[in-house]
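Below you'll find the structure, written out as structure tokens, and then a few comments.
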Amino acid sequence: MSSSKLLRGTFILTLGVMLSRILGLVYVIPFHPLVGERGGALYSYGYVPYQIFISLATAGVPLAVSKFVSKYNALGEYRTGYRLFRSGLLLMTITGIVACIVLYMIAPWIAPFVIEEQVKGNSVHDVVTVIRAVSFALIIVPVMSLIRGFFQGHESMGPTALSQVVEQFVRIIFLLASCYIVLRVMHGSLVTAISLATFAAFVGALGGLAVLIWYWWKRKAHLNELLAQDRGQLHPPLKEMYKELIMYAAPFVFVGLATPLYQLIDQFTFNRAMASIGLAKISEEAYSIFNLWAQKLVIIPVTLATSFGLTLIPTITKAYVADDRKSLRKYLNQTFQVVMFLTVPAVVGMAILAEPVYAAFYSYDPLGEQVLRWYAPTAILFAMFSVTAAVLQGINQQRFTVISLTLGLLIKLLLNTFLITKFATIGAVLATTLGYFISVLFNLWIIKKYTNYRYGFVFRRTVLIGIFTTIMSIFVALALPLLEALLHYKGGRFDSMVIVVVGALIGAGVYFFISERSGLLTSLFGNRFAFLQRKKAKKAVS
């Protein structure tokens, strides 16, 4: 695969992922006023088990199949990847149907663990209904994942990117339209609306699958030509192929499971812990704020940082395999610095502007502001966990990802109820933060152990980034009361949006200016900002 084609494919896939995630964020703006806090909690109750089942059912298939097919295509053994694909279609269909049946059947068992009798709001029956509604998507998504992986293995990223965007778009249109019709037109029940909102995952999957089938018929002639060119020298049995596939897939499964498993612990413990301290009345409202609405906002800087940071992982793998320690150290330095450079100011800015940010996306809510302010810094750990897990994959130590995730989940499980009883909703945030902190520390230790990498330089750069962020924060904090006074701010959505945009521009401008003047920007991103140097040179001459 040529470097230009690799870059083009990576760009298309990254663009598809970014568009899909942007759509996944934007839809909550109209969704929140439609369903409210109780509806948000009910939606989350259904989606968390589904995310776990879908991670297990697909088992990291897209990336694993992509890697497998690409390997054998490079050897001219096109039929080997095709054999895996054909048998995989049957396996993924069976896996999806079994996962759907299991989740549908165990919904009445899951629901009582979620709802505390003292909590006034959604009932056990409501939770069962919603979980069962979302379970049908499990029939289609695993098959869709396999087809995406097959196309990616043939160096074709367009089908995956377009199908992801179409899947998300169809899901959101169905979700919002069905909720609006049920609640505003038919004046139906909230449970019916949320059931349709979760069933939208099945409808969206149909849209994504339709795109992939269209691509399949379009590319069928080309794929047949490749099969005709097959060298026919390797004939590994299916058992060996699946063994190899599982080796590829396992790390991706555990990384994908991280957030849903953390949320599952909250789902099983949060309401009971809140009820035990006399906060049953606000328990579901607090749960939806923490586990759905605020979480959507916190993920924004994580997506941006990891998109940049993960692009360096292939070069890290290459340097490690070649035993080029100097290049490996350089790429690790750059990866960690880019993640910190982008994430730290973003999350600090979000924490400072927590009240208008939450009000701009949803509505004014003191609890939402408080949760977002405490939760935002955790995004640094989310980003670092994703990146360090990818680095472990790059240096062929992915088995340690399982251990680090287990350690983090154990901390979350042990501390969650205790911290909630002490600090209410913020306690759940703290337990998540501590869990991810332990996981990241463990990953960093393993990276150091197997690469002899030293963190001194990155630590010094992180301190520098912290100083720049502090300066930025002072400017934003000083501008905030002035903006509120000029707009006669009372927590309205439009005023909040103006404050967020202006505050973000001030913060980004200050941070960007300091970073450019100090040379940090050039050090991290090379000549991408060379035009700034030319402008300074022209001014100096004039």
Side-chain angles (χ1 to χ4, degrees), residues 1 5-6 9-10 12-13 16-17 53-100 137-167 204-253 256 393:
M1 189 176 188
K5 193 171 182 181
L6 175 65
T10 303
I12 290 171
L13 196 56
V17 171
F53 269 74
I54 205 65
S55 294
L56 294 173
T58 56
V61 162
L63 288 171
V65 169
S66 170
K67 194 172 180 180
F68 184 95
V69 171
S70 179
K71 171 187 171 181
Y72 284 97
N73 281 1
L75 298 172
E77 301 290 337
Y78 299 102
R79 200 167 293 278
T80 301
Y82 189 69
R83 280 177 60 218
L84 177 72
F85 174 69
R86 284 176 55 188
S87 67
L89 280 178
L90 177 62
L91 179 64
M92 287 292 100
T93 301
I94 294 170
T95 302
I97 292 171
V98 169
C100 172
L138 292 165
I139 299 172
I140 299 177
V141 175
V143 172
M144 188 166 56
S145 298
L146 182 78
I147 300 173
R148 284 172 176 168
F150 184 71
F151 276 120
Q152 288 172 225
H154 281 83
E155 304 174 3
S156 179
M157 307 303 175
T160 296
L162 184 60
S163 68
Q164 283 179 332
V165 174
V166 169
E167 179 189 5
L206 286 176
L209 184 61
V211 171
L212 292 171
I213 291 172
W214 177 76
Y215 267 109
W216 176 263
W217 286 110
K218 187 180 176 183
R219 306 275 176 87
K220 197 170 187 303
H222 172 66
L223 293 172
N224 287 337
E225 287 176 11
L226 291 178
L227 289 175
Q229 299 170 22
D230 181 70
R231 293 173 61 189
Q233 295 180 1
L234 298 176
H235 300 282
L238 283 174
K239 182 181 176 181
E240 291 299 316
M241 285 197 286
Y242 278 112
K243 183 179 178 181
E244 186 176 350
L245 188 68
I246 291 169
M247 292 285 289
Y248 290 154
F252 302 115
V253 177
Q393 169 77 7

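The analysis underlying the following values was restricted to heavy atoms, covering all of them including side chains, and did not include hydrogens, waters or symmetry mates. Predicted model only: the values in this text are computed from it and were never measured. Nothing fancy with the numbering, it's 1 onward along the sequence.
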(message) Do T93 and I97 make a side-chain contact, defined as non-hydrogen atoms from C-beta onward lying under 4.5 Å apart?
(response) yes
(request) Check whether any side-chain heavy atom of Y215 sits under 4.5 Å from a side-chain heavy atom of I147, and report yes or no. (result)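 Not in contact.
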From [atom1] ([X]) to [atom2] ([Y]), nearest 0.5 Å:
{"X": "C100", "Y": "I54", "atom1": "SG", "atom2": "CD1", "answer": "10.0 Å"}
{"X": "Q164", "Y": "M157", "atom1": "CD", "atom2": "CE", "answer": "11.5 Å"}
{"X": "S163", "Y": "R148", "atom1": "OG", "atom2": "CZ", "answer": "3.5 Å"}
{"X": "Q152", "Y": "T160", "atom1": "CD", "atom2": "OG1", "answer": "3.5 Å"}
{"X": "I213", "Y": "L209", "atom1": "CD1", "atom2": "CG", "answer": "4.0 Å"}
{"X": "I139", "Y": "T95", "atom1": "CD1", "atom2": "OG1", "answer": "12.5 Å"}

Minimal non-hydrogen separation, [X] against [Y], with atom names:
{"X": "G153", "Y": "N73", "value": "O-ND2, 3.7 Å"}
{"X": "G96", "Y": "P142", "value": "CA-CG, 3.9 Å"}
{"X": "L226", "Y": "H154", "value": "CD1-CD2, 3.5 Å"}
{"X": "V166", "Y": "G208", "value": "CG1-N, 4.4 Å"}
{"X": "F151", "Y": "R219", "value": "CE2-CG, 4.1 Å"}
{"X": "A205", "Y": "V141", "value": "CB-CG2, 4.0 Å"}

(request) Please name the residue in the list V69, N224, L227 that meets the side chain to side chain contact (heavy atoms under 4.5 Å, CB included) test with Y82. (result)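 Single pass found, and it is L227.
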(request) Step by step, work out the side-chain contact (heavy atoms from CB on, under 4.5 Å) result for L223 and F150. (result) CA-CA 11 Å; L223 293 172; F150 184 71; 4.1 Å; yes
